[in-house]
Amino acid sequence: MQLTDYVKKDTIFLNCQAQSRAELFSKVADKLLNEGYVKKGFLDFINHREDNYPTGLQLQNHTVAIPHGDPQFINKPFVAVITLTKPITMRRMDDATIKLPVDTLFTLGLTNGSDHLDLLKEIMKLLQTDSFVQQIKNCTNKDEVETVIRVAEKKRKENSDD
């Protein structure tokens, strides 16, 4: 399973502007709904899930989040890659009392639970390479995002046994 199978040009959102998580989720959910990726209810679900199960991650030099949808609200599987012009506040996955300034998100919308876990593992492996997040943040167009992901996955596969 590869991230490149789920990231499409219409699920890449670069240099988004939002004052809050709720505003960002609303903007992205509207676009995903219009493109046929999600059903009505996706926005409410993802906000509720993030309230109860935060997805912010403090990496070595970056903070990211990996919000997840629920299969019942997904029409077509996707991963949305989102970069922000300025960070929004999200809570840390392993300690919800800690707030993080997040400016890069990978939002998962999958129709199958086992795919969800496999893809989450793949994303986590890519995130362990600090340069991956920086390269995504530096992208100025959607083609660059697809190239960064493709190259990172190829390097990871060449350097691992799994």
Would you check if there is a donor-acceptor pair between the side chains of D44 and H48 at a distance under 3.5 Å?
no
Are any of the side-chain heavy atoms of Q58 and D94 separated by less than 4.5 Å?
no
Report yes if some heavy atom in the side chain of E144 is under 4.5 Å from a heavy atom in the side chain of N141; otherwise report no.
yes
Testing the basics here: between Q19 and I88, what is the closest heavy-atom pair and its distance to 0.1 Å?
C-CG2, 4.2 Å
If you draw the axis of the six-membered ring of F73, does the NZ or CZ of K39 fall within 45° of it and under 6.0 Å from the ring centre?
no
Below 4.5 Å, heavy atoms only, C-beta onward: do F106 and V81 meet side chain to side chain?
yes
Begin from the C-alpha positions of H62 and L127 and carry the test side-chain contact (heavy atoms from CB on, under 4.5 Å) through to its verdict.
CA-CA 9 Å; H62 302 284; L127 292 177; over 6 Å; no
Please test K27 against E23 for salt bridge (charged side-chain N to carboxylate O under 4.0 Å, His left out), starting from the C-alpha separation and ending with a verdict.
CA-CA 6 Å; K27 287 179 176 183; E23 181 184 352; 3.3 Å; yes
Is any side-chain heavy atom of M124 closer than 4.5 Å to one of L57?
yes
Would F13 and L105 satisfy side-chain contact (heavy atoms from CB on, under 4.5 Å), going step by step from the backbone distance to the final call?
CA-CA 10 Å; F13 305 92; L105 297 89; over 6 Å; no
How far apart are the C-alpha atoms of K76 and E35, what are their side-chain angles, what is the distance that settles it, and do they pass the salt bridge (charged side-chain N to carboxylate O under 4.0 Å, His left out) test?
CA-CA 10 Å; K76 299 186 290 190; E35 294 292 334; 5.9 Å; no
How close do A22 and N47 get, counting heavy atoms only, and between which atoms?
CA-OD1, 4.1 Å
side-chain hydrogen bond (donor to acceptor under 3.5 Å, both in side chains) partner of T4, the single match among R150, K154, E153:
E153
Contact between L110 and Y6 at the side-chain level, heavy atoms closer than 4.5 Å - yes or no?
yes
The residue among T83, L14, T11 that forms side-chain contact (heavy atoms from CB on, under 4.5 Å) with V145 is L14
Main-chain N/O of D51 paired with R91 side-chain donor or acceptor, under 3.5 Å
yes
Indicate the atoms forming the closest heavy-atom contact of F45 with G69, along with that distance.
CE2-C, 3.5 Å
Is K142 reaching over with its side chain to a backbone N or O of K9, donor-acceptor style, under 3.5 angstrom?
yes
When you compare the side chain of D115 with that of P77, does any pair of heavy atoms fall below 4.5 Å?
no
Of all heavy-atom pairs between A29 and V38, which one has the smallest distance, and what is that distance?
O-CG2, 4.0 Å
Once you round to the nearest 0.5 Å, how far does CG of L100 lie from OG1 of T55?
10.0 Å
The residue among D103, V133, I136 that forms side-chain contact (heavy atoms from CB on, under 4.5 Å) with V64 is V133
More than 12 heavy atoms of other residues, nucleotides or ligands under 6.0 Å from CD of Q17: is that the case?
no
Does T63 reach the side chain of M90, with side-chain heavy atoms less than 4.5 Å apart?
no
Closest approach of P71 and T111, non-hydrogen atoms and distance?
CB-O, 3.7 Å
